[in-house]
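The next block holds one structure in the form of structure tokens; read it before the comments.
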Amino acid sequence: LDRFCLGFEPQTQKRFTSTTPAIKVQTESKTTKAAKESRTFQAIQEERREQAERSVLISCPPKFNENKFLDYLSKHGTINKHFFYNTYGAYAVVEFSSRESIASLKESTNIPAVEHEAAVPFKSRLLSLKWPGSQSSNHPMPKFQNQSPPSINEITQLLSEKDSIDEQLQCLAEALQLTEENISLRFLVCSLLQDIAGAYFPECIIRPFGSTVNSFGKLGCDVDMILDLNGIYATSQKKGSGLSLEYQVKRGASERAVTQSILSVIGKCVDQFGPGCVGVQNILQARCPLVRFAHQPSGFQCDLTANNRVAMKSSELLFLYGHLDPRVRHLVFSVRCWARAHSITSSIPGAWITNFSLTVMVVFFLQQRNPPILPTLDRLKELAGPSDKCVIEGNDCTIVSDLSKITLQRNTDTSEKLLQEFFEFYGNFPFNKASINIRKGKEQTKPETTALYIQNPFETTLNVSKNVNATQLERFVALCRESAWLLHQKEILNRSSVSPWGFAALLLPSVTSGAGVKSRRKKKLEPASSRIKNLLDSLKIKGGETVAKKGSA
Ligand code: GTP
Ligand code: MG
């Protein structure tokens, strides 16, 4: 079993496939894991991308024999890793150790003969396993890896069993975070898409960004992708004579117009040739033009953008912050979960605070601790080496890539304390006049009158939360105050006095944040929370005061 799991984190190793067939497998040396831990963001992404290029996604019939299946595939070469999952049917992700195996496998794979319709004969790496009916006897099914997040009820249950709020916050991050298998599947979907876009631009790379790679991804989150065409611009070496050739190219009115035109063609290809890609929408007039679609075999919602290098750099920045101290991820996951439970964030675009904005708010808060838990973005720039230099469209996006160059100050605050102080900090933040600036790690005077101003880390004249209106900000502030107040109550902090207790109690319906909350929550939770409801009732009278006084002290 372990042979398949090497390279995965301890908690995911345990959950790997149960039966190991007698096939050729490769092992990694013991030093690999340690070496991996000090690798840069780019190196990690590059390795995952390369693994995805050696992988296939196979739809499996309801009954099949895992050993026989792997045995059959291993005729094409050594299998490094594999796992199964279930969306609308069973699927296998199989990673070979060499790309030649994919070519060999494709050679022995047929285009299906369809009877009443016609098929686009596009040979992708999304395959179907045909299993002879006569051999479908009672084989045990393989173990399926879960790809969905736990429900709010399951989370509440899980957290209620913990002994401290710190343990709850850690447990929450572990329960919600992307598993190694899920990340592999995300990279594989990007790689499958790259095969389509590669028909026009063979040098292109489709890279995931956003929460797939920034270390704050939650199971079930969308896959943000960038069509990276930089490889095309690599100039060839000139050879002495002074002569050179140039490609004749079609010109567009602007970078944006060219991006829109490329995306519209790729979008059409995805729609018409992309197996498993459904519901393709070209959203080309957005500030950042994109093609949105669902990839059915993986169950992922995908957003494909192009010419969006700054967003990739933002993902690297968040990844870096997420890896500096475990408390960062514990806090980000808990704040995101809390915000979702109270409809502060939403999957529908609108005047809501986004997960990205919330994460930047957590980073800013952690920069404000005494001593600071996270360094400023300016500091990350100072620490950068010559190879880290990065300017994108005139914006200096340089940050240090080697985490070991960053020395952190000693701050021993517990996650519980940080969560409480986060709520107090934003429950009392002067949003009317100040902006949030993680580059300086200090609040600045707001340059415009939008409700919430969070300076874009790399495009410093932009506000990442321009969409947020005053009502949504007020709801956020009210909920911060309410949660801060709840965390001051002895009953909430005591496992034996209320259920759910601790962080789980903060996920219960609010009494102060108004519309939308009442209808969303099920009555089921209410009996267990009657004690808390009483507390909340009294909050109406004294809660605001308590927090306000504390904050102004
Ligand atoms: P999820 O909600 O889990 O999908 O989080 P996410 O971080 O992936 O957010 P989202 O899918 O909305 O956006 C993907 C990435 O685009 C983010 O991680 C940011 O890097 C970037 N991004 C999103 N919103 C903004 C914004 O308003 N301004 C800027 N500059 N970048 C943004
Ligand atoms: Mg996303």
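Ligands are counted one by one from 1 in listed order, and the atoms in each one are counted from 1 as well. Numbers here simply count residues along the sequence, with the first being 1.
Look at Arg125 and Asp195 and you find a salt bridge, because one of the NZ, NE, NH1 or NH2 atoms lies within 4.0 Å of a carboxylate O, short of that distance. We find that Arg327 and Asp413 are not joined by a salt bridge, their nearest charged nitrogen and carboxylate oxygen being 4.0 Å or further apart. Classification of Glu421 and Arg369 as a salt-bridged pair holds, one side-chain N sitting under 4.0 Å from a carboxylate O. Ion pair Arg48/Glu180 flagged as a salt bridge, since at least one NZ, NE, NH1 or NH2 atom sits closer than 4.0 Å to an Asp/Glu carboxylate oxygen. A salt bridge links Arg39 with Glu47: the closest approach of a Lys/Arg side-chain nitrogen to an acidic carboxylate oxygen falls below 4.0 angstrom.
Residues meeting the side-chain contact (heavy atoms from CB on, under 4.5 Å) test with Leu462, sequence neighbours left out: Arg287, Asn456, Glu459. Under the rule for a side-chain contact (heavy atoms from CB on, under 4.5 Å), the partners of Lys268 that lie at least two apart in sequence or sit in another chain are Gln272.
The six-membered or imidazole ring of Tyr85 lies near that of Tyr91, with a centre-to-centre distance under 6.0 Å. The aromatic ring centroids of Phe429 and Tyr426 lie less than 6.0 Å from each other.
Around the Mg ion (ligand 2), the protein atoms of type N, O or S found under 2.8 Å away are Asp222 OD1, Asp224 OD2, listed by chain and number.
Closer than 4.0 angstrom to ligand 1 by heavy atom are Phe209, Gly210, Ser211, Asn214, Cys221, Asp222, Asp224, Ala311, Ser314, Arg336, Asn355, Phe356, Asn456, Val464, sorted by chain and number.
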